[in-house]
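Shown next, in structure tokens, is the structure this report addresses.
The model shown is predicted, which means the values in this text are computed figures rather than measured ones. Start at 1 with the first residue, then count along the sequence.
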Amino acid sequence: MSAAHGPVLELLGVTKTYGDVRALGDAHLTVHRGELLAVVGPSGSGKSTMLNIMGTLTRPTSGTVRVAGYDVEALSDRELSALRATQIGFVFQQFHLARGVAALDSVADGLLYSGTPLRERRRLAERTLRRVGLGHRLLNEPHQLSGGERQRVAIARAVLGDPPLLLADEPTGALDSRSGAAVMDLLHELHRGGTTVVIITHDRDIAAALPREVRVRDGRIAYDSGRAGRPDGAGRSDHVGEGAVLSRDGVST
Ligand SMILES: Nc1ncnc2c1ncn2[C@@H]1O[C@H](COP(=O)(O)OP(=O)(O)OP(=O)(O)O)[C@@H](O)[C@H]1O
Ligand SMILES: [Mg+2]
């Protein structure tokens, strides 16, 4: 694969059905490098389905998904793994940290399949844990961490390889307002550093504070503030999120 330019993420007419349930229907979405956007919508409306498809964890039933300019469908398994490893960090809605594993190793394992030697992975993991404010909890196992701290370990793991695109599914969903605010500060900081960030949230205040909001309802994108004010309803191909930092490169594997 060689470097690619243009949008970091595109969904073109993406549909996902499970039996006769249409979890996502005809979704069109373009995300440019440096954007920070919220995905909101009622429970069961298709938000996680959409994020999992963006993260190439779920295959769409139909439509095209492009990540960093690459048509996901056209990639071999090997290329897809490389794309995931180099381009995408994923914070899951139900974050699971392996029992009995210290925070440092949980994070270091995030680069297990990248070919990076253990020593280097541990060094990066320590640096990243310090970055999320957990430098004093490196050797704590999950049961020795608070919920907010566990969520920060999950984020550290997702951003360890410094992916240009970070997808976070309800990263503050299980947290009290103070830990939630700390996690949001961290996501904002990553965004300021140039990471493109997509956040699913139920929290209206969080969504309202982000530069772009996408609302999903009954498996449809019902509203996209990134399209607001465009009478033709077209995406904002000429627009990059406010405060964007355009310092990222494409895939270089
Ligand atoms: N693997 C699956 N098999 C069958 N149906 C599924 C599957 N995953 C999701 N669904 C259905 O697809 C719809 C969308 O689910 P999704 O998880 O995307 O919702 P969501 O918007 O993330 O909801 P929540 O806010 O509760 O997390 C729901 O009706 C759900 O029951
Ligand atoms: Mg969900």
Side-chain angles (χ1 to χ4, degrees), residues 6-74 80 83-84 87-94 165-174 184 187 191 196-242:
V8 66
L9 187 72
E10 282 176 290
L11 302 183
L12 303 167
V14 168
T15 295
K16 179 69 185 180
T17 54
Y18 293 106
D20 50 11
V21 173
R22 197 190 58 193
L24 194 65
D26 195 29
H28 290 263
L29 188 75
T30 301
V31 178
H32 291 276
R33 282 166 209 282
E35 282 204 88
L36 169 58
L37 61 105
V39 175
V40 301
S43 180
S45 58
K47 304 181 298 295
S48 293
T49 301
M50 189 166 87
L51 206 75
N52 286 323
I53 288 173
M54 290 173 173
T56 76
L57 301 169
T58 299
R59 270 179 192 281
T61 308
S62 61
T64 300
V65 180
R66 289 207 191 102
V67 176
Y70 297 99
D71 181 344
V72 168
E73 188 69 41
L80 191 57
L83 186 78
R84 269 191 217 120
Q87 300 291 304
I88 306 169
F90 207 100
V91 180
F92 291 93
Q93 183 165 17
Q94 255 83 43
L165 175 62
L166 181 65
L167 305 172
D169 195 345
E170 291 279 359
T172 64
M184 282 311 300
L187 295 175
H191 171 243
T196 307
V197 185
V198 180
I199 304 170
I200 293 180
T201 180
H202 272 113
D203 188 318
R204 281 167 193 274
D205 294 337
I206 288 178
L210 301 191
R212 181 175 173 191
E213 184 176 335
V214 171
R215 291 186 201 142
V216 181
R217 187 170 285 273
D218 296 332
R220 295 265 172 190
I221 294 179
Y223 170 79
D224 179 354
S225 69
R227 292 186 189 186
R230 299 280 298 246
D232 59 0
R236 50 179 197 175
S237 56
D238 54 349
H239 188 106
V240 183
E242 287 117 76

Non-hydrogen atoms of [X] and [Y] that approach each other most closely:
X	Y	result
T49	A23	OG1-CB, 3.7 Å
P211	S225	O-OG, 4.2 Å
S48	D169	OG-OD2, 2.6 Å

Any donor-acceptor pair under 3.5 Å from [X] side chain to [Y] backbone:
X	Y	result
T196	G34	yes
R66	V72	no
T64	L12	no
T15	T61	no
K47	V216	no

Going through the checks in order, is the side-chain contact (heavy atoms from CB on, under 4.5 Å) test met by D26 and R220?
CA-CA 7 Å; D26 195 29; R220 295 265 172 190; 3.4 Å; yes

Nearest-0.5 Å distance that lies between atom [atom1] in [X] and atom [atom2] in [Y]:
X	Y	atom1	atom2	value
I199	L51	CD1	CG	10.5 Å
E35	L210	CD	CG	11.5 Å
S45	R215	OG	CZ	12.5 Å
M184	I206	CE	CD1	5.0 Å
M50	L24	CE	CG	7.0 Å
T56	L80	OG1	CG	4.5 Å

Could you check if a side-chain atom of Q87 sits within less than 4.5 angstrom of a side-chain atom of L165, using non-hydrogen atoms only?
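Contact flag for Q87/L165 side chains = no.
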
Are H32 and T30 packed together at the side-chain level, in the sense that at least one heavy-atom pair is separated by less than 4.5 angstrom?
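With C-beta onward as the side chain, the pair touches.
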
Assess the residue pair L57 and R84 against the criterion (side-chain contact (heavy atoms from CB on, under 4.5 Å)); give the C-alpha distance rounded to whole Å, side-chain angles, the decisive distance to 0.1 Å, and a yes or no.
CA-CA 9 Å; L57 301 169; R84 269 191 217 120; 4.1 Å; yes

Go through the steps for L167 and F90 under the test side-chain contact (heavy atoms from CB on, under 4.5 Å), then give the verdict.
CA-CA 5 Å; L167 305 172; F90 207 100; 3.9 Å; yes

Should we say atom CG of D71 is surrounded by more than 12 heavy atoms from elsewhere, each under 6.0 Å from it?
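Count over threshold, so yes.
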
Report the C-alpha distance between L29 and M54 in whole Å, list the side-chain angles of each, state the deciding distance to 0.1 Å, and finish with yes or no for side-chain contact (heavy atoms from CB on, under 4.5 Å).
CA-CA 10 Å; L29 188 75; M54 290 173 173; 3.2 Å; yes

Applying salt bridge (charged side-chain N to carboxylate O under 4.0 Å, His left out) to D224 and R212, what does each step give before you reach the verdict?
CA-CA 7 Å; D224 179 354; R212 181 175 173 191; 2.7 Å; yes

